[in-house]
Amino acid sequence: MAKAGLLNVRPIVQAPMAGGVSSPSLVTAVHRAGVTGSLAAGYLSADALAEQITAVREQGVDPFVVNLFVPPKMEGDPDRLHEYRRELSAEAERQGVPVGEAEHDDDDWAAKLDLLTRDPVPMVSFTFGCPEPSVLSQLREAGTATVVTVTTVAEACIAVGRGADALCVQGVEAGGHRATFDPLHGHDRPLLELLPDVIATVGVPVIGAGGVMNGRDVAAVLDTGAVAAQLGTAFVRCPESGAQPNHKLALGNPDFVETALTWSFTGRPARGLVNRFVDEHLGAPFAYPEIHHMTKPLRAAASKAGDTGGMALWAGSGWRKSRDLPAADLVERLRVEASEAGVRV
């Protein structure tokens with residue numbers, strides 16, 4: 001629990017963004033600016049995660065967070081996946097690559113837990129569910145604080161009941177994947193509506209995430225009683241971010257006019273800029289990670305070709321307020337804006 005208290009010292013957290021965005025360079029840059037950085041273990045092998053942990057440690061980064069995807073409990077329906085494969089054939093032809101295989105995996109879950117037990121990090125956060133109590137206690141015994149990402153009061157109660165040291169409360173405004181435990185029956189609420197209810201219910205530190213883009217947003221989150229505000233989309237355009245160049249450009253491109261929750265790219269609901277792919281695949285089934293693997297080669301080809309119409313352009317609802325600034329400069333702006341709103345960070 002003591003390590004969760006570090007969030008009181010660093011009340012801004014850089015969100016874990018899988019797929020390379022939360023690079024060791026970004027985590028190092030925000031740490032030097034006084035922000036808690038997060039490595040995203042999602043889609044990485046345990047060996048690749050170990051390399052990233054080593055990379056930030058060699059730069060003197062401490063504390064930092066490692067975020068894990070909790071493995072899905074259900075496999076996708078084969079008939080629906082076959083239908084979606086046929087639907088993706090036009091995009092495959094457009095990109096000149098085949099649709100990927102509908103693989104079901106656990107994202108190297110056991111190997112990553114083994115790594116983080118043998119070589120503990122300050123904090124581990126979880127997305128897509130809450131691990132069993134034994135997993136949380138295993139990490140705690142290794143000296144690691146645990147944070148579970150939740151989207152409802154009920155999920156918060158489950159996480160605390162299982163022994164989570166802290167919570168990250170995610171509002172519907174958040175970019176990228178929804179952290180909901182059950183994507184088929186999610187209850188989406190705005191962050192500043194959800195946060196007070198969670199804080200009033202649980203007795204652990206709470207981080208607020210979703211649509212937090214500037215210092216005024218940070219101040220609003222901290223004013224609810226949260227110990228920290230987590231920002232993701234705000235850091236995507238930083239030069240230290242590992243986001244694809246065309247993803248960064250898209251966030252500043254006036255041709256994109258809205259975000260939406262879509263499961264067309266991965267089979268789980270995620271918020272991104274509305275583009276051709278989102279519009280053409282509104283009926284995608286819930287099937288994660290099978291659809292993630294099916295669309296992976298299509299997304300990679302689109303990215304290589306600079307085709308933003310076929311890329312997953314994850315972005316929160318406040319993406320218009322994103323800034324093309326080095327991480328240190330962005331953090332300084334956040335501090336000034338929060339101070340102007342009456343909160344020191």
Side-chain angles (χ1 to χ4, degrees), residues 4 7-8 10-17 22 35-36 38 40 65 67 125-130 147-160 164 166-183 185-236 251 258-262 268-273 314-323 330-331 334 337-338 341-343 345:
L7 294 170
N8 288 312
R10 292 173 175 253
I12 298 176
V13 178
Q14 164 252 312
M17 294 170 280
S22 295
V35 166
T36 301
S38 303
V65 183
N67 178 259
S125 65
F126 298 91
T127 303
F128 298 166
C130 183
V147 183
V148 175
T149 311
V150 301
T151 63
T152 67
V153 173
E155 290 175 356
C157 291
I158 290 170
V160 172
L167 302 175
C168 179
V169 176
Q170 185 195 63
V172 70
E173 305 94 334
H177 282 102
R178 298 289 295 142
T180 178
F181 292 9
D182 182 1
H185 302 94
H187 298 283
D188 296 321
R189 296 175 65 190
L191 177 62
L192 294 182
E193 176 186 300
L194 175 61
L195 258 179
D197 288 350
V198 173
I199 291 170
T201 304
V202 302
V204 300
V206 171
I207 304 163
V212 185
M213 297 295 298
N214 57 36
R216 291 179 295 279
D217 297 332
V218 171
V221 168
L222 298 180
D223 279 340
T224 67
V227 300
Q230 181 169 284
L231 295 77
T233 305
F235 286 106
V236 171
L251 292 178
E258 64 179 328
T259 65
L261 289 172
T262 178
R268 277 194 71 103
R271 183 174 297 280
L273 297 177
W314 301 138
S317 62
W319 94 100
R320 286 290 192 209
K321 295 186 280 188
S322 65
R323 293 173 275 203
L330 175 59
V331 172
L334 295 173
E337 292 163 352
V343 175
V345 298

Does the plane of the ring in H177 sit parallel, tilted or perpendicular to the ring in W314? Use 30° and 60° as the thresholds. tilted
Do you know which two heavy atoms are closest between V148 and A164, and how far apart they sit? CG2-CB, 3.8 Å
Residue pairs fulfilling salt bridge (charged side-chain N to carboxylate O under 4.0 Å, His left out) with at least one residue in residues 199-210, sequence neighbours excluded: none
Looking at F181 and G129, what are the two nearest heavy atoms and their distance? CD1-CA, 3.4 Å
Would you list the atom pairs, donor with acceptor, under 3.5 Å between side chains in residues 225-233 and any protein atom, with sequence neighbours excluded?
{"residue": "T233", "atom": "OG1", "partner": "G316", "partner atom": "N", "Å": "2.9"}

State which residues pass side-chain contact (heavy atoms from CB on, under 4.5 Å) with S22; sequence neighbours excluded, sorted by chain then number. Q14, M17, A40
Using a 4.5 Å cut-off on heavy atoms from C-beta on, say whether the side chain of P16 contacts that of V65. no
Tell me, please, which residues at least two apart from R320 pass salt bridge (Lys or Arg N to Asp or Glu O under 4.0 Å). none
From CH2 (W319) to CD (E173), nearest 0.5 Å: 13.5 Å
Let me have the donor-acceptor pairs involving side chains of residues 212-220, under 3.5 Å, with sequence neighbours excluded, atom names and distances please.
{"residue": "N214", "atom": "OD1", "partner": "R216", "partner atom": "N", "Å": "3.1"}
{"residue": "N214", "atom": "OD1", "partner": "D217", "partner atom": "N", "Å": "2.9"}
{"residue": "D217", "atom": "OD2", "partner": "M213", "partner atom": "N", "Å": "2.9"}
{"residue": "D217", "atom": "OD2", "partner": "N214", "partner atom": "N", "Å": "3.2"}
{"residue": "D217", "atom": "OD2", "partner": "K321", "partner atom": "NZ", "Å": "3.2"}

Closest heavy-atom contact between S317 and T259? CA-OG1, 3.9 Å
Carefully, step by step, assess T149 and E155 under the rule side-chain contact (heavy atoms from CB on, under 4.5 Å). CA-CA 9 Å; T149 311; E155 290 175 356; over 6 Å; no
Would you say the side-chain atoms of S322 pair up with the backbone N or O of A234, donor to acceptor, closer than 3.5 Å? no
Work out which heavy atom in S125 is nearest to a heavy atom in N67; give both atom names and the distance. OG-ND2, 2.8 Å
Let me confirm one number: the CG-CZ distance from L334 to R323, rounded to the nearest 0.5 Å. 6.0 Å
Could you list all the salt bridge (charged side-chain N to carboxylate O under 4.0 Å, His left out) pairs where at least one residue sits in residues 187-202, not counting sequence neighbours? R178-D188, R189-E193, R189-D197
Let me know which of V153, V204, T151 forms a side chain to side chain contact (heavy atoms under 4.5 Å, CB included) with V198. V153
Out of the candidates L191, I199, V221, T152, only one should pair with V169 under the side chain to side chain contact (heavy atoms under 4.5 Å, CB included) rule; please name it. L191
